[in-house]
Amino acid sequence: MKYSALIHSDIQQKWIEKLDGVKATFQERAEYNDLNSRFPYENIEWLVNEGYTLLTLPKAYGGEGATVEDMVVIQSYLGSIDGATALSIGWHVSVVGQLYEQKLWDEAMLDRFAEAVKKGALVNRAVSEADTGSPTRGGRPATNAVEDDDGYVLNGVKTFTSMSKALTHFIVGAYMPDKDQIGFFLVERDVPGVEIADNWNMLGMRATESHDLVLNDVHIPKENFVEVRGAGPKKPNGWILHIPSVYLGIAQATRDYAVDFAKTYSPNSIEGSIGDLTTVQQNLGKMESLLLSARHFLWSTAALYNVTKDGAKLWNETSASKVLVMNQGLEIVDIAMRIVGAKSLEMERPLQRYYRDMRAGLHNPPMEDAAYTNIAHSVLGHF
């Protein structure tokens, strides 16, 4: 598929062309980074230097002002090039997009943080913990923030901190015992007591280096207490669509590899290539249909998010997008590996990495059961 045929904004055109220029380089690095569980430092450095981290920062703050739809299209393409790079930088662009669209912080802090982003800052939320599981399930974090005379002292351990070694800022979720509430605190990487555990050793998305973040008596000023969990009106967060965008991209890369293989692989037991076989054609047709369905659902949800005047109407679409893309993406990978056969398991081929990375997406939010439950509550009128 040519992404150029599907884009319809200048910002999408600009970034698809830019990414196309480094596509081969990023892909060459992907195998080594995956095998060695090494963060794609060079890729992220290029993205920062080219201004990708300003993508979703509004123009009023000096950014590019990309919409959710722009982000989804561009992240889908980046995901087809290198899933780990796309997921890592996707956390930054989605966090920035949500912060400024929903005005989650006071204006002075938003102004201050925008200046940091323009200077190359990289941010992610640090909310998961071993004892609470997914933060979307509402567990109370064991990480504590205790107020003192001139700020807060944070102690705790956060898991699944994607892009951990490259981040300059962490938005840490912590329990505030004196207020009996959960707050979010902006923590800079160079503050004393901030450590990265270097313990990421997973089957999938190995290159994201999502190590534990360890906070040992980390002192921050009062103004860095930036949010209260659950404060304000509850809204769907279209920026979380960066997650299914990445996995849609991996599904696209999987499809492309299988199609190229079917066109060129010609065992001496047949005339022509395996693409001439009816069974292979049936699998190709099914795989393509699944990909088309996932892409159109996700991209149309993103487009609707940009134009709807009542975001609450998109709760079901934003929840279903991740579930649909993941389940159909997993099926696409399975079909592709059946087309390629045993060769799909060779470590020198990218299919085994696509398979492992796609499986990792099941554990990114929202979780399937939570998404289905929320959709059910919606259709039953419980909201």
Side-chain angles (χ1 to χ4, degrees), residues 6 56 67-73 75-76 79 87 90-91 94-95 97-99 101-104 125 127-128 132-140 173 182 227-252 286-335 358-383:
L6 298 175
T56 56
T67 65
V68 167
E69 182 181 12
D70 292 328
M71 178 196 69
V72 164
V73 172
Q75 280 288 116
S76 295
L87 186 63
W91 288 112
S94 67
V95 167
Q98 184 190 19
L99 284 178
E101 178 198 281
Q102 298 186 1
K103 300 289 186 182
L104 296 180
R125 289 189 180 271
V127 287
S128 296
T132 61
S134 173
T136 58
R137 299 190 187 280
R140 195 183 87 178
I182 296 169
E227 297 174 50
V228 175
R229 189 169 84 178
K234 193 168 178 60
K235 302 177 181 177
N237 175 21
W239 301 99
I240 203 68
L241 295 177
H242 86 91
I243 295 173
S245 302
V246 171
Y247 294 102
L248 176 67
I250 295 172
Q252 178 72 53
K286 183 177 181 181
M287 182 173 61
E288 186 74 3
S289 297
L290 288 166
L291 184 61
L292 287 169
S293 171
R295 183 192 308 130
H296 283 287
F297 190 91
L298 174 61
W299 287 16
S300 66
T301 297
L304 282 170
Y305 189 86
N306 290 342
V307 300
T308 183
K309 298 187 187 310
D310 184 4
K313 292 181 178 177
L314 290 180
W315 278 111
N316 293 350
E317 285 85 348
T318 52
S319 295
S321 287
K322 192 260 183 172
V323 174
L324 187 147
V325 169
M326 284 310 312
N327 287 338
Q328 295 190 186
L330 286 165
E331 192 170 358
I332 288 165
V333 174
D334 182 68
I335 293 170
M358 186 67 76
R359 296 295 304 182
L362 290 172
H363 310 292
N364 290 142
M367 303 305 164
E368 183 175 282
D369 66 306
Y372 283 150
T373 298
N374 285 334
I375 292 170
H377 284 312
S378 175
V379 299
L380 290 169
H382 292 171
F383 295 145

* To do: Would you sort out whether M358 and M326 count as a side chain to side chain contact (heavy atoms under 4.5 Å, CB included), showing the intermediate values?
  => CA-CA 7 Å; M358 186 67 76; M326 284 310 312; 3.7 Å; yes
* **Selection residues 323-335 - residue pairs positive for salt bridge (charged side-chain N to carboxylate O under 4.0 Å, His left out), sequence neighbours left out** => K286-E331, D334-R338
Nearest non-hydrogen partners of [X] and [Y], listed with the distance:
{"X": "I240", "Y": "P365", "answer": "CG1-O, 4.4 Å"}
{"X": "G97", "Y": "T56", "answer": "N-OG1, 3.4 Å"}
{"X": "I332", "Y": "A251", "answer": "CG2-O, 3.8 Å"}

How long is the span from the [atom1] atom in [X] to the [atom2] atom in [Y], to the nearest 0.5 Å?
{"X": "L290", "Y": "N327", "atom1": "CG", "atom2": "CG", "answer": "10.5 Å"}
{"X": "N374", "Y": "N316", "atom1": "CG", "atom2": "CG", "answer": "9.0 Å"}
{"X": "S293", "Y": "L291", "atom1": "OG", "atom2": "CG", "answer": "9.5 Å"}

* Picking from V73, V68, T67, what satisfies side-chain contact (heavy atoms from CB on, under 4.5 Å) with D70? -> T67
* Member of V325, L324, N364 meeting the side-chain contact (heavy atoms from CB on, under 4.5 Å) criterion with P244 -> V325
Using a 3.5 Å distance criterion without hydrogens, assess whether the side chain of [X] forms a donor-acceptor pair with backbone atoms of [Y].
{"X": "S94", "Y": "G90", "value": "yes"}
{"X": "T308", "Y": "Y305", "value": "no"}
{"X": "T373", "Y": "D369", "value": "yes"}

* **side chain to side chain contact (heavy atoms under 4.5 Å, CB included) between L362 and L330, worked out** => CA-CA 9 Å; L362 290 172; L330 286 165; 3.7 Å; yes
Quick one: are [X] and [Y] in side-chain contact, heavy atoms under 4.5 Å?
{"X": "E317", "Y": "L241", "value": "no"}
{"X": "E69", "Y": "W299", "value": "no"}
{"X": "Y372", "Y": "V323", "value": "yes"}
{"X": "S76", "Y": "R295", "value": "no"}

* Could you walk me through whether T301 and V72 pass the side chain to side chain contact (heavy atoms under 4.5 Å, CB included) test, one step at a time? => CA-CA 10 Å; T301 297; V72 164; over 6 Å; no
* Measure the acute angle between the ring planes of H242 and W91, then classify it against the limits of 30° and 60° as parallel, tilted or perpendicular. => perpendicular
* **With sequence neighbours excluded, residues passing side-chain hydrogen bond (donor to acceptor under 3.5 Å, both in side chains) with S319** => none
* Just jot down the side chain to side chain contact (heavy atoms under 4.5 Å, CB included) partners of Q98, sequence neighbours excluded, or say none. => Q102, L104, R125, N237, W239
